[in-house]
Amino acid sequence: QVQLVESGGGSVQPGGSLRLSCEVSGDTNSRNFMGWFRQAAGKEREWVASRLFGGLAAVYADSVKGRFTISRDNADNTMYLQMNALKPEDTAMYYCARSPWTPGVDPKMASSYSYWGQGTQVTVSS
């Protein structure tokens, strides 16, 4: 059974930084892609960033490009989201997701992912 567990959320002032982690267990499929999504109160879930297996490039939503960095450890057990220059509009529940890679899949779509974590709250406020 594949499980994803997020951690690292919290409260931070505008301009601050946080690093989210997503620990993966139970998945032996090395050809996969992973992503981060977020959902603010009263809004729909929003794609943040994704990274494919191996050394393939990451992709980012325009709203976080240049501020957030998605990475994966070499053992493919953990994914990270380094968030810098945080803004109040970044406040949301952040979810990590993972799925086996298939040709033509769109990593920006929540429906593309098979496995999800429970979420970790990020609050940016002065």
Side-chain angles (χ1 to χ4, degrees):
Q1 182 179 0
V2 178
Q3 290 188 323
L4 281 66
V5 179
E6 301 98 333
S7 60
S11 296
V12 64
Q13 292 187 341
S17 297
L18 283 174
R19 189 193 197 201
L20 305 184
S21 298
C22 174
E23 186 171 347
V24 182
S25 62
D27 188 6
T28 59
N29 187 348
S30 60
R31 295 176 64 86
N32 58 74
F33 62 101
M34 297 188 69
W36 288 95
F37 289 76
R38 66 186 181 186
Q39 188 166 17
K43 295 187 177 181
E44 293 186 353
R45 189 166 295 192
E46 173 190 24
W47 171 73
V48 175
S50 296
R51 192 172 193 106
L52 277 64
F53 61 91
L56 297 178
V59 288
Y60 299 91
D62 288 343
S63 58
V64 307
K65 198 173 296 183
R67 300 188 298 123
F68 290 11
T69 303
I70 185 173
S71 61
R72 302 171 61 160
D73 70 349
N74 289 336
D76 199 34
N77 293 330
T78 308
M79 178 176 69
Y80 305 96
L81 186 68
Q82 177 67 44
M83 305 186 295
N84 299 327
L86 283 162
K87 305 175 181 180
E89 51 263 42
D90 295 318
T91 295
M93 184 73 78
Y94 283 70
Y95 299 89
C96 67
R98 180 175 172 115
S99 192
W101 180 84
T102 55
V105 68
D106 185 352
K108 302 177 184 177
M109 299 291 294
S111 58
S112 296
Y113 294 85
S114 301
Y115 311 110
W116 290 84
Q118 82 290 348
T120 185
Q121 178 68 37
V122 171
T123 302
V124 185
S125 174
S126 56

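Separation of atoms CZ (F37) and CZ (R45) is listed at 8.0 Å; rounding is to 0.5 Å. With rounding to the nearest 0.5 angstrom, the CZ atom of R72 is 5.5 Å from the CE atom of M34. Atom CD of residue Q121 and atom CD of residue E6 lie 12.0 Å apart, to the nearest 0.5 angstrom. Here OG1 of T102 is found 11.5 Å from CG of N32. Values are rounded to the nearest 0.5 Å. Interatomic distance, OG of S50 versus CG of D106, reported as 8.5 Å (0.5 Å rounding).
Shown here are the side-chain contact (heavy atoms from CB on, under 4.5 Å) partners of Q82, two or more places apart in sequence or in another chain: S17, R19, T69, N84. For D27, the salt bridge (Lys or Arg N to Asp or Glu O under 4.0 Å) partners are R98, not counting sequence neighbours. Taking S99 as the reference, S114 meet the side-chain hydrogen bond (donor to acceptor under 3.5 Å, both in side chains) condition, with sequence neighbours excluded.
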Atom pairs and distances, donor-acceptor, side-chain atoms in residues 57-66, under 3.5 Å, two or more places apart:
residue: Y60; atom: OH; partner: I70; partner atom: N; Å: 2.9
residue: D62; atom: OD1; partner: K65; partner atom: NZ; Å: 3.2

Distance-only donor-acceptor hits, side chain of residues 88-97, under 3.5 Å, sequence neighbours excluded:
residue: D90; atom: OD1; partner: R38; partner atom: NH1; Å: 2.9
residue: D90; atom: OD1; partner: R67; partner atom: NH2; Å: 3.0
residue: D90; atom: OD2; partner: R67; partner atom: NH1; Å: 2.7
residue: D90; atom: OD2; partner: R67; partner atom: NH2; Å: 3.4
residue: D90; atom: OD2; partner: K87; partner atom: N; Å: 2.8
residue: T91; atom: OG1; partner: P88; partner atom: O; Å: 2.9
residue: T91; atom: OG1; partner: V124; partner atom: N; Å: 2.9
residue: T91; atom: OG1; partner: V124; partner atom: O; Å: 3.4
residue: Y94; atom: OH; partner: R38; partner atom: NH1; Å: 2.9
residue: Y94; atom: OH; partner: D90; partner atom: O; Å: 2.6

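In this structure, E46 places its CD atom where more than 12 heavy-atom neighbours from other residues, nucleotides or ligands lie under 6.0 Å away.
The hydrophobic cluster containing L81 also contains V12, counting ILVMFWY residues as joined when their side-chain heavy atoms lie under 4.5 angstrom apart, directly or transitively. Criterion: ILVMFWY side-chain heavy atoms under 4.5 Å apart, direct or through other members. Under it, Y80 and V24 are not part of a common hydrophobic cluster. V2 and W36 fall within a single hydrophobic cluster, where Ile, Leu, Val, Met, Phe, Trp and Tyr side chains are chained together by heavy-atom contacts under 4.5 Å.
With hydrogens and angles disregarded, no donor-acceptor distance shorter than 3.5 Å links the side chain of Q118 to the backbone of V5.
Identified under the disulfide bond (SG atoms under 2.5 Å apart) test for residues 61-93, with sequence neighbours left out: none.
Listed here is the closest heavy atom pair of K43 and Q39: O-NE2, 3.0 Å. When every heavy atom of F33 is checked against every heavy atom of W101, the shortest pair comes out as CD2-CA, 3.8 Å. Between Y115 and P100, the shortest heavy-atom contact is CE1-CD, 4.3 Å.
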